[in-house]
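None of the values given here were measured: they were computed from a predicted structure. Here is how names work: the chains are called A, B, and so on, in the same order as the sequence lines, proteins then strands, and each is numbered from 1.
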2 protein chains.
Amino acid sequence: MTHDPIARLRRFNRAVTTEVGALDHSFLGRGRPLGAARVLNAIGQGFTEVSEIRDYLGLDSGLMSRLLRSLEGEGLLTTTPDEADARRRIARLTEAGQAEFTAYESLSDSRAEALFSRHPKPQALLAAMDLVASVLGRDRILITEQDPRCQAAVFCLGEYYSELARRFERGFDVSLSCDPDAADMIRPRGVFLVALSDGLPLGCVGLKGSGASADPMDLDQADSPRKAEIKRLWVSPAARGLGLARDLMTRVEEIACDLGYTHLRLDTNSALPEAVNLYRASGWVEIDRFNDDPYPDFFFEKKIGRSPGVS
Amino acid sequence: MTHDPIARLRRFNRAVTTEVGALDHSFLGRGRPLGAARVLNAIGQGFTEVSEIRDYLGLDSGLMSRLLRSLEGEGLLTTTPDEADARRRIARLTEAGQAEFTAYESLSDSRAEALFSRHPKPQALLAAMDLVASVLGRDRILITEQDPRCQAAVFCLGEYYSELARRFERGFDVSLSCDPDAADMIRPRGVFLVALSDGLPLGCVGLKGSGASADPMDLDQADSPRKAEIKRLWVSPAARGLGLARDLMTRVEEIACDLGYTHLRLDTNSALPEAVNLYRASGWVEIDRFNDDPYPDFFFEKKIGRSPGVS
DNA sequence: ATTATTATCTGACCTAAGTCAGCGACATGA
DNA sequence: TCATGTCGCTGACTTAGGTCAGATAATAAT
């Protein structure tokens, strides 16, 4: 059934190296060395401080200085001292520079279109690329705090709901479920985490504060356990098996602890066995039903914080 | 359902560029510039003629010469004039060179293992990589003539049979079907084509000569139509939709023509609609059953050659 | 046999990329 | 205010990679 995996990986590397080489060459297509094109691109993306760009591209300060000078000589950008700290310099694209940047962008867009147009199932190709990119880029996945109403969060939640609709025999309708209020998943009451891989959302999890305020100021006077709920744990199919769900849970539990919560609860469904196994494996204990949401059939709790012995 | 495809492609490019960069760096890890390492690698892979290597790596003749000299200076290879054509030079690894080559290989193998080990479904990852590599490497797919008993051919046929077993309701058992004799698919009676992408077999097709000899010498005295059969057209799932089947058919028909055949026939099955559509779209005409093989239920013929009007 | 072609080699040259030490302007904490 | 550190700039240098015009020798074509 299988051919040698190593040979297949080599073939992949070769195909991709050639493509990347062609990509580099297309950068050169506008008569500018790669380094200068990369700097132009970074500034076009929104980087402004010289030291940030240097960091992002991994360039030596001397080299960076020369590249900036050459672009400045072409009239593509201007540099001005930072107002707050006159040692730092701010680089901004001129109109010509902006035009040049968009020229590069449209060049790369048309490459992308050409690639997709030569395949009968662009969706399948994209899914395969997502999978590969997730594995290769595992170490560069960032877990960020986001407003649950922002674009990335809404994207994740949409994917989450449509996955539930596929998995549950009876389907899934958000309006029938307890949809947490966005304000409950924003500090200081809660938090909403999104895992980003080079800007693409790959997973999320929410911490929903209970009705009562969870202001950290209350920490000292806390006699009764402070309760919060974990909601909306989702990982993109492309990124499954990389331990991302565990990372999300670890982070959200840490934040819950910082926010002063001691008791966490969550509801889930036996149609999501990966999630159930993860909860079981990471210290969650099954408890009785604690709400009347029609969808969940599994309920868990976990006590967190520095003194987990207190019941 | 979808996020911006361009953003996803960018993410893929970024992930892959980083990986390729790391790969380049791992090449550099043995204190040798990338160019020299690539030459060493090419020779280790089996390339011997200098001009072939230059072609394969896309190097200038002057640069190539210098790289060879530097590797020779390190004692990693020797060059000798080609016996048949003393202008050409043959490069061969010394023992030290062979050792160095295997060191690079095991370095890249361990990278591969690390990559696969961090994913729970290496098969799915490999399939995704195959798909991406096939699309990116479409232009580098070579259609080669092979002995139908060679490793690549046997691999293709195995995949072909197991695909038939999946597709046919009653399954598929080669021993019940007319399995063509290998000798019938070798020149001058026939041919067997394998499509290779950087060494990985992605598709095949056979031309099976009829019982009577099809020696080109008979061309002039040919009164009766010379018949041959197309067999075993298969394309890897990773490479479907790229027009590879059409390329294979075009090539095999050309070769059939060169071998002096004027009438081609084939049998197929309605469970393989892509194939049936391809035949219909490229000039094949449905005919009556011409054998008693239990599996096919569709039969086609096509007249080829410079004078297709003769019936 | 003469001519054209091909494969490789050599020397001269170029660019991109990167490293390093030191300089000047500025910022900051004691 | 003064020592110390930071940021960006400059000049000098190195390496890798690549181009180009012959030179040389062998081969193929006429």
Side-chain angles (χ1 to χ4, degrees), chain A residues 17-18 20-43 47-74 76-92, chain B residues 17 20-43 47-74 77-92:
Chain A
T17 306
T18 311
V20 169
L23 212 137
D24 282 5
H25 236 76
S26 89
F27 265 104
L28 291 167
R30 295 189 65 80
R32 192 169 288 112
L34 185 60
R38 294 211 305 154
V39 170
L40 189 70
N41 187 47
I43 300 174
F47 286 90
T48 52
E49 290 181 24
V50 170
S51 61
E52 268 183 2
I53 302 170
R54 244 180 30 210
D55 229 45
Y56 174 66
L57 299 176
L59 295 176
D60 173 83
S61 115
L63 182 51
M64 179 70 192
S65 181
R66 264 174 274 267
L67 291 175
L68 280 176
R69 191 108 344 97
S70 108
L71 288 168
E72 215 166 5
E74 286 189 80
L76 300 179
L77 58 81
T78 56
T79 59
T80 47
D82 187 351
E83 289 180 14
D85 180 345
R87 289 172 307 181
R88 293 170 164 275
R89 305 217 99 201
I90 303 291
R92 278 199 199 77
Chain B
T17 306
V20 169
L23 212 137
D24 282 5
H25 235 76
S26 87
F27 265 103
L28 292 166
R30 296 188 67 81
R32 191 169 290 112
L34 185 60
R38 294 212 304 154
V39 170
L40 188 70
N41 187 46
I43 301 173
F47 286 89
T48 51
E49 291 181 23
V50 171
S51 61
E52 268 184 1
I53 302 171
R54 241 179 35 208
D55 228 44
Y56 174 65
L57 298 176
L59 295 176
D60 173 84
S61 108
L63 182 52
M64 180 69 193
S65 180
R66 264 173 275 267
L67 290 175
L68 280 176
R69 192 106 345 97
S70 108
L71 288 168
E72 215 167 6
E74 285 190 82
L77 57 82
T78 56
T79 58
T80 47
D82 186 352
E83 289 181 15
D85 180 344
R87 289 171 306 179
R88 293 169 163 275
R89 306 217 97 202
I90 302 290
R92 278 200 199 76

Q. Do Arg69(A) and Ser65(A) get their side chains close enough for a donor-acceptor pair, meaning under 3.5 Å?
A. yes
**Q.** Distance in Å, Ile43(A) CD1 paired with Leu76(A) CG, rounded so as to fall on 0.5 Å steps
**A.** 9.5 Å
Q. For the pair made of CZ in Arg88(B) and C1' in dT5(C), what is the distance, rounded to whole Å?
A. 13 Å
(Q) Taking the nucleotide of DNA chain D with the nearest heavy atom to each, does Leu67(B) or Gly62(B) sit closer to the 5' end? (A) Leu67(B)
Q: Round to the nearest Å and state the distance from Met64(A) atom CE to dT6(D) atom P.
A: 20 Å
Q) Is there a donor and acceptor pair closer than 3.5 Å between the side chain of Arg66(A) and the base of dG11(D)? A) yes
Q | Residue whose nearest DNA chain C nucleotide is more 5′ - Thr79(B) or Ala36(A) | A | Thr79(B)
Q: Can you tell me the distance, in whole Å, between the CG atom of Asp82(A) and the P atom of dA25(C)?
A: 19 Å
Q) Asp85(B) or Leu59(A): which one's nearest nucleotide on DNA chain C is closer to the 5' end? A) Asp85(B)
(Q) How long is the straight-line distance from CG of Leu40(A) back to CG of Leu77(A), given to the nearest 0.5 Å? (A) 7.5 Å
Q: Describe the nucleic acid contact of Arg38(B) in one word from base, sugar-phosphate, nothing, applying a heavy-atom distance below 4.0 Å.
A: nothing
Q | Spacing of Arg89(A) atom CZ and Thr78(A) atom OG1 [to the nearest 0.5 Å] | A | 9.5 Å
Q: Would you kindly give the CZ-to-P distance between Arg87(B) and dC9(C), to the nearest whole Å?
A: 14 Å
Q.
Mind checking if Asp60(A) touches a base, just sugar-phosphate, or nothing, with heavy atoms under 4.0 Å?
A. base
Q | Nearest-Å distance for atom pair CZ/P, residues Arg89(B) and dT24(D) | A | 17 Å
Q | Nucleotide dA7(C), atom C1' - distance to CD1 of Ile53(B) in whole Å | A | 13 Å
Q | Nearest-nucleotide pick for Leu63(A), side chain only, options being dG8(D), dG18(D), dT19(C) | A | dT19(C)
Q.
In this structure, how many angstroms lie between the C1' atom of dA7(C) and the CZ atom of Arg69(B), rounded?
A. 13 Å
Q: Starting from C1' on dT6(D), measure out to CZ on Arg54(A) and report it in whole angstrom.
A: 10 Å
Q: Just call it for Ser61(B): base, sugar-phosphate, or nothing, with non-hydrogen atoms closer than 4.0 Å on any strand.
A: base
**Q.** Ile90(A) side chain near Glu49(A) side chain, heavy-atom distance below 4.5 Å
**A.** yes
